[in-house]
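What follows is a short report on a single structure.
Reminder, nothing fancy here: chain letters follow the sequence lines and each chain counts from 1.
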2 protein chains.
Amino acid sequence: MNIEQEDNRLAAIFKVLSEPNRIRILRILYHAGRELTCSEISQQLNISKSTVSYHFKALRLAGLTNTRQEAQAKYLSINRAAFDRYLPHFLETL
Amino acid sequence: MNIEQEDNRLAAIFKVLSEPNRIRILRILYHAGRELTCSEISQQLNISKSTVSYHFKALRLAGLTNTRQEAQAKYLSINRAAFDRYLPHFLETL
DNA sequence: CTCCTTATTCGATGAGTATCGAACTAAAAG
DNA sequence: CTTTTAGTTCGATACTCATCGAATAAGGAG
């Protein structure tokens with residue numbers, strides 16, 4: 001990958017992290033120590049499910065979270081490998 | 001500072017870093033190992049001076065860079081303390 | 001099969017952002 | 001004093017984004 005593309009990739013990851021509600025989602029996930037669903041986050045943050053779904057997608061596309069489907073629910077968890085690579089020690093500060 | 005404000009603050013720092021040209025400015029600054037002016041960056045990145053000035057301001061307001069005025073020129077340098085605090089080891093990966 | 005729960009997508013909307021050139025300010029050089 | 005150099009600010013523009021509710025899809029429970 002050339003250096004311009006690398007800059008774009010890095011900027012894209014930061015863009016995902018540049019939204020307070022997405023930081024909150026990561027913090028909640030990190031401290032929960034377990035997977036959480038869209039609905040659970042929606043209640044905790046008091047924002048609509050559609051907005052939470054939108055943020056979930058952004059986090060997932062950036063590779064910052066993992067998703068596990070179980071029945072009709074979708075469980076979100078943090079992808080530690082991605083954080084270790086791009087932002088070591090970031091999660092611990094949340 | 002309460003946790004919501006902390007999330008906002010963190011998100012604000014990431015927002016500044018979410019623009020490819022600002023990442024490029026930081027990378028150029030880091031590897032140059034010296035202060036650089038608006039005009040120098042403008043030439044290297046091939047974007048207008050007004051746009052560079054806009055990005056300089058964003059970096060400065062976020063506390064990520066220092067500015068030193070000398071005559072009519074303004075020299076920009078990286079604020080290592082800020083990176084050490086919020087993003088340790090980030091600069092080294094640029 | 002019908003209803004409930006969970007999640008996604010769509011359309012709209014309001015807000016924010018990156019970019020440029022032009023106009024302006026201020027200092028240095030001639 | 002006029003010209004050059006460096007930087008900021010302004011107005012315009014095009015684009016992106018966060019948010020919501022409504023509509024849709026799909027699995028689970030009765």
Starting at the 5' end of DNA chain D and moving along, which residue's nearest nucleotide shows up first, A:N21 or B:L36?
B:L36
B:L61 CG to D:dT8 P: how many Å, rounded?
11 Å
May I ask you to decide whether B:R34 forms a salt bridge with B:E40, counting only side-chain N to carboxylate O separations under 4.0 Å?
yes
OP1 or OP2 of C:dC20 versus the side-chain N and O atoms of B:T51: is any pair under 4.0 Å?
yes
Would you indicate, yes or no, if D:dT9 has its OP1 or OP2 atom less than 4.0 angstrom from a side-chain nitrogen or oxygen of B:K57?
yes
Side-chain N or O of B:S53 less than 4.0 angstrom from OP1 or OP2 on D:dT8?
yes
When you check the phosphate oxygens OP1 and OP2 of C:dC20, does a side-chain N or O of B:K49 lie under 4.0 Å from one of them?
no
Would you tell me whether B:S39 and B:T37 have side-chain atoms, one donor and one acceptor, within less than 3.5 Å of each other?
no
Take the protein atom CD of A:Q72 and the nucleotide atom C1' of D:dG27, then report the distance between them rounded to whole Å.
5 Å
Check whether the ring centres of A:F14 and B:F90 lie less than 6.0 Å apart, and answer yes or no.
yes
If you compare every side-chain N and O of B:H55 against the phosphate oxygens of C:dT17 (OP1, OP2), does one of them come in below 4.0 Å?
no
Looking only at C:dC20, C:dT17, D:dC20, the nucleotide nearest the B:Y54 side chain is C:dT17
Quick check: any donor-acceptor pair below 3.5 Å linking the side-chain of B:S50 to the base of C:dG21?
yes
Taking only side-chain N and O atoms of B:S39, does any of them lie within less than 4.0 angstrom of OP1 or OP2 on D:dG7?
yes
Among C:dA18, D:dT19, D:dG7, find the nucleotide with the atom closest to the side chain of B:C38.
D:dG7
Tell me if a side-chain donor or acceptor on A:S42 pairs with a main-chain N or O of A:I47 at a distance below 3.5 Å.
yes
